[in-house]
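Reading through the structure tokens given below for one structure.
On a predicted model such as this, the values are computed, not experimentally measured, just so you know. Along the sequence shown, residues are numbered consecutively beginning with 1. Order of listing sets the numbers, starting from 1, for every ligand and every atom in it.
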Amino acid sequence: MKPILQAYIIDFNRSDNLLDAITNFFTVHNDIETLNHTLKVASEAQRVAKLYDVDPAKAEQAALLHDISNVIPISDMLHVAEELSIEIMDEERKYSRIVHQKLSRAMAEEVFGVTDSEILCAIECHTTLKANSSLFDKIIFISDKISWELPGNHQYLTDIRSKVDELELIEGILIYLNNIWDQKTKLKLIHPWLIEAREELLKKISHLPSGLSKPAQRALSGSGLWKLEQISKLSEAELLQLHGLGSKSIRQIREALEMKGLSFSNKS
Ligand SMILES: [Fe+2]
Ligand SMILES: [Fe+2]
């Protein structure tokens with residue numbers, strides 16, 4: 001293990017059983033909050049992996065390791081990343097907590113001896129996702145998000161869970177990414193990997209007319225409307241209530257609907 005990590009790692013019981021080892025790891029580091037979160041993500045990742053025909057044991061391993069760098073104080077994360085020769089982006093220097101996904105990957109290799117590149121890759125992008133993500137990356141990413149028990153009512157989390165269970169994984173991920181995107185003025189920054197992931201997935205899934213203005217595209221995607229079939233369940237009046245949509249956009253959408261043999265709903 002690299003010396004810089006030794007300074008942060010208390011000796012723990014390195015059981016061959018990763019669940020036992022991780023439980024002991026967080027317990028000796030007195031981080032029960034991360035342990036509880038980790039166990040929830042691990043059980044969710046196994047459940048979601050089975051839904052999508054992915055190896056649940058492997059998903060459990062990635063989930064158990066995804067937040068191991070939480071034992072490093074946030075104020076030390078950049079320094080440790082530098083010592084480990086991890087490439088640090090400007091955005092990560094401004095908001096150092098976000099580098100924990102890369103640190104967890106390095107620790108999975110260094111402390112737990114993980115060599116499986118799929119597991120390491122999923123750990124590395126579990127907070128932000130990234131462009132060209134694999135199905136395995138997406139499963140770990142979304143399992144982390146839907147395991148949060150946030151106080152209050154968070155409809156978007158309920159919507160994500162439904163989409164994941166309906167095997168609409170990309171739609172579920174986009175609900176989360178759009179939720180972040182909508183808060184961009186409030187947030188300190190948005191990680192470039194997240195921006196690239198969102199743009200790529202929006203392109204992949206969108207069946208909207210290509211000539212639509214940017215504000216109209218944002219209004220629709222921000223409301224979870226990426227497919228003409230979804231839009232056809234709404235009336236023109238309902239669509240016009242979305243900020244960013246005007247009569248020109250409505251005409252473009254109407255024409256695209258007609259091309260597919262669809263129309264706006266007649267409900268008033
Ligand atoms: Fe995390
Ligand atoms: Fe997490």
Quiz item: What's the OD2-the Fe ion (ligand 2)-NE2 angle here (D67, H66), rounded to 10 degrees?
Solution: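 With the Fe ion (ligand 2) as the vertex, OD2 (D67) and NE2 (H66) sit 80° apart.
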Quiz item: Going by the angle between their ring planes, with limits at 30° and 60°, are H126 and H100 parallel, tilted or perpendicular?
Solution: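 Geometry flag for H100 against H126: perpendicular rings.
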Quiz item: Going by the angle between their ring planes, with limits at 30° and 60°, are F25 and H29 parallel, tilted or perpendicular?
Solution: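 If you compare the ring of F25 with that of H29, the planes turn out tilted.
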Quiz item: Are any N, O or S atoms from D144 nearer to the Fe ion (ligand 1) than 2.8 Å?
Solution: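 Checking the Fe ion (ligand 1) against D144, no N, O or S atom falls under 2.8 Å.
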Practice problem: Decide salt bridge (Lys or Arg N to Asp or Glu O under 4.0 Å) for D165 and R47; before the verdict, give the C-alpha distance in whole Å, the side-chain angles of both, and the deciding distance to 0.1 Å. | Solution: CA-CA 10 Å; D165 289 356; R47 188 187 73 82; 3.0 Å; yes
Exercise. Decide if atom CG of N17 counts as having more than 12 heavy atoms of other residues, nucleotides or ligands within a radius under 6.0 Å.
Key: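 Above 12, so yes.
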Quiz item: What angle, in degrees and rounded to 10°, do you get at the Fe ion (ligand 1) when you join it to NE2 of H100 and to NE2 of H126?
Solution: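 Vertex at the Fe ion (ligand 1): approximately 90°.
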